[in-house]
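Pasting a structure here, questions to come.
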2 protein chains.
Amino acid sequence: MFDAGRSPAPLMSNPRADRVKEAAKLAGRSARLKTGRFLAEGPQAVREALVAHRNAAGLGRPGVVLEVFATAACLERLPELAELSQGLPLRLATDEVLAAMADTVSPQGIIAVCRIESPALSDVLALRPKLLAVLCEVRDPGNAGTILRAADSAGADAVILTASSVDIHNPKAVRSTAGSLFHLPVVSGVDFAELAGALQDAGITILAADGYGDQNLDELQDASALRRLAPGPAAGNASGPRLENPTAWLFGNEAQGLSQAELDASDNRVAVPVYGQAESLNVGTAATVCLYASARAQNR
Amino acid sequence: MFDAGRSPAPLMSNPRADRVKEAAKLAGRSARLKTGRFLAEGPQAVREALVAHRNAAGLGRPGVVLEVFATAACLERLPELAELSQGLPLRLATDEVLAAMADTVSPQGIIAVCRIESPALSDVLALRPKLLAVLCEVRDPGNAGTILRAADSAGADAVILTASSVDIHNPKAVRSTAGSLFHLPVVSGVDFAELAGALQDAGITILAADGYGDQNLDELQDASALRRLAPGPAAGNASGPRLENPTAWLFGNEAQGLSQAELDASDNRVAVPVYGQAESLNVGTAATVCLYASARAQNR
């Protein structure tokens with residue numbers, strides 16, 4: 001049961017209070033940029049934020065959560081969230097206050113104000129990543145969140161967003177990640193030319209996910225499976241990039257795909273084959289298939 | 001250029017006209033059930049509907065499109081759509097009229113009233129399908145549409161929805177299919193027990209996509225790749241279902257997953273491995289990975 005004694009602050013019940021308005025402003029990009037904060041809404045996102053916070057604290061690093069707002073009913077129902085919040089400012093609030101703060105229709109009783117973490121590209125590359133997802137001008141927050149979640153599922157080491165991509169801390173994007181935002185480093189606002197140079201220097205193969213690519217993902221998977229499962233002279237003959245090598249996948253804009261500069265900077269252009277009559281794949285779907293192909297080839 | 005002489009009917013300019021209201025009602029399930037009609041909105045969906053209509057007509061079968069409403073500007077911009085509409089009632093309308101009909105914020109100048117096609121399960125099975133996607137209580141229209149689009153991309157032979165799944169002719173679901181709704185047969189409102197029996201009788205393996213499944217999709221893919229690429233005694237030893245066999249994948253409810261009855265009726269429960277910290281996969285993502293694994297094993 002939630003121990004109300006932990007929170008001597010009075011119940012927040014005024015949806016028009018200044019701190020409520022300030023939190024609500026974090027739905028907008030300018031307030032996020034100004035404050036370096038964003039909101040995680042609902043039990044799933046907040047739980048993942050709190051677990052990431054605790055893990056960071058265990059390593060002596062600053063945690064991601066600054067403050068938690070919750071209803072007493074939510075903490076009664078999910079005592080794990082009260083427990084994970086220990087040591088953090090935890091404010092009891094009414095449903096009306098949470099609704100006024102949140103972008104979601106119903107934040108289900110809990111919201112965390114989080115710190116935007118901005119790891120440097122060089123720090124991520126210093127960890128010798130084997131699998132990276134790069135979002136190049138992906139504009140839809142739902143797509144960006146879906147790709148980040150797929151990258152997490154596939155065990156990618158980090159997600160990188162170029163400067164003109166959607167803000168991953170947009171409430172809809174955060175929601176679409178289903179907590180995965182707190183699982184792996186996300187580098188934002190990267191200049192593409194700089195990124196391409198850094199990836200080359202790090203010896204990471206750049207693969208463009210491109211419906212018109214001359215390499216067929218299924219053929220690359222077959223070649224990789226042969227090398228892995230039935231090594232021998234025949235297996236070594238296949239041309240094309242090796243999915244088992246350290247790889248950065250580029251995923252492009254929903255309407256235009258990857259730009260010429262992005263394609264030019266890639267080592268190869270790889271198409272996910274379309275077997276039916278579909279004109280193309282949704283970028284989230286294509287990213288999932290590409291990242292899982294690499295994960296499998298790399299025996300993650 | 002669009003030949004206005006083809007359409008002697010006057011320009012529809014009254015957004016409150018009865019036929020506008022009737023079309024708008026098709027956003028609701030009851031009107032769709034009553035009339036057997038639904039709306040395709042926007043150039044991409046209407047184009048795919050018109051192509052499907054023409055293909056059906058070429059085979060002497062009834063087409064899917066009943067009536068097209070478009071702005072003159074849209075037909076000027078996309079003359080292909082006017083051409084594809086030949087022989088169909090094509091009404092010129094204002095943007096306001098189209099906006100009043102449509103569920104989308106902006107139908108981009110064109111809407112088609114379409115006939116709900118209801119192929120029988122027995123007709124689909126008579127074509128000896130090799131790959132089927134079955135939606136069991138999938139409730140979110142966006143997810144249902146995404147899975148249908150992924151099924152189309154992977155070359156599935158049909159999509160089947162059990163009785164308690166979302167209506168695939170819901171405007172949001174239609175939109176999420178990005179035209180794929182018109183590419184493959186969709187059987188709706190199927191009783192699950194009946195379906196399971198029919199699939200068994202047809203010799204189709206039923207695989208449950210289940211995060212807790214005891215079979216690992218990547219191991220099944222490896223075994224299948226070995227049989228396909230390096231056949232020999234070793235390749236024949238793998239246990240577990242063979243992805244190259246005719247397969248129906250079951251995808252479950254977003255929150256609860258597959259029911260016990262659905263799991264019990266499956267030949268195997270297959271998990272898409274999660275390599276990172278993600279708790280689970282979105283059902284659309286999981287479906288994409290599963291369907292592509294089968295497509296690849298079946299050499300589609």
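Order of the sequence lines sets the chain letters (A, B, ...), proteins ahead of strands, with each chain counted from 1.
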Can you tell me which of B:Gln221, B:Glu279, B:Arg228, B:Gln44 forms the most heavy-atom pairs within a distance under 4.5 Å of chain A?
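Of the options given, most contacts go to B:Gln221.
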
Quiz item: Where on B:Ala225 is there a heavy atom nearer than 4.5 Å to chain A: the side chain, the backbone, both, or neither?
Solution: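 Side chain only.
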
Below 4.5 Å from any heavy atom of chain B, which atoms of A:Ser280 appear? Answer side chain, backbone, both or neither.
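Both backbone and side chain of A:Ser280 come within 4.5 Å of chain B.
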
Query raised in the report: Between A:Glu48 and chain B, which part of the residue has a heavy atom less than 4.5 Å away: side chain, backbone, both or neither?
Result: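 The side chain, not the backbone.
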
*asked:* Does the plane of the ring in B:Phe38 sit parallel, tilted or perpendicular to the ring in B:His169? Use 30° and 60° as the thresholds.
replied: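 If you compare the ring of B:Phe38 with that of B:His169, the planes turn out tilted.
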
- request: Side chain from CB out, backbone as N, CA, C, O: work out which of these in A:Ser153 comes under 4.5 Å of a heavy atom of chain B, or both, or neither.
  value: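 It is both, since atoms from each part get that close.
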
TODO: Look at B:Val272, B:Asp222, B:Val274 and state which one has the largest set of heavy-atom pairs under 4.5 Å with chain A.
DONE: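 With the most close heavy-atom pairs to chain A, the winner is B:Asp222.
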
Check your understanding: Do A:Phe182 and A:Leu50 touch side chain to side chain, with heavy atoms closer than 4.5 Å?
Key ->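 SC-SC contact between A:Phe182 and A:Leu50 ruled out.
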
Margin query: Below 30° counts as parallel, above 60° as perpendicular, anything between as tilted: where do the rings of A:Tyr292 and B:Tyr275 land?
Written below: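 A:Tyr292 and B:Tyr275: tilted rings.
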
**Message:** As an exercise: rank A:Gly142, A:Pro273, A:Ala150, A:Ala178 by heavy-atom pairs under 4.5 Å with chain B and give me the winner.
**Reply:**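 Sorted descending by pairs with chain B, the first entry is A:Pro273.
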
*asked:* Tell me if a side-chain donor or acceptor on A:Asp157 pairs with a main-chain N or O of A:Leu131 at a distance below 3.5 Å.
replied: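 Between the backbone of A:Leu131 and the side chain of A:Asp157 there is a qualifying donor-acceptor contact (under 3.5 Å).
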
### Query
Shortest non-hydrogen contact from A:Phe251 to A:Val283?
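Shortest heavy-atom contact: CB-CG2, 4.0 Å.
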
In terms of heavy-atom pairs under 4.5 Å, which option from A:Val289, A:Leu184, A:Thr288 contacts chain B the most?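 So the answer, after comparing A:Val289, A:Leu184, A:Thr288, is A:Thr288.
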
Self-check item: B:Arg227 bridged to B:Glu244 by N-O distance under 4.0 Å
Solution: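 Salt bridge flag = yes for B:Glu244 with B:Arg227.
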
Which portion of B:Thr285 sits near chain A, non-hydrogen atoms under 4.5 angstrom =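 Answer is both: backbone and side chain atoms of B:Thr285 are under 4.5 Å from chain A.
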
NZ/NE/NH1/NH2 to OD/OE distance under 4.0 Å, A:Arg139 and A:Glu254: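 The answer is no: the pair does not qualify as a salt bridge.
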
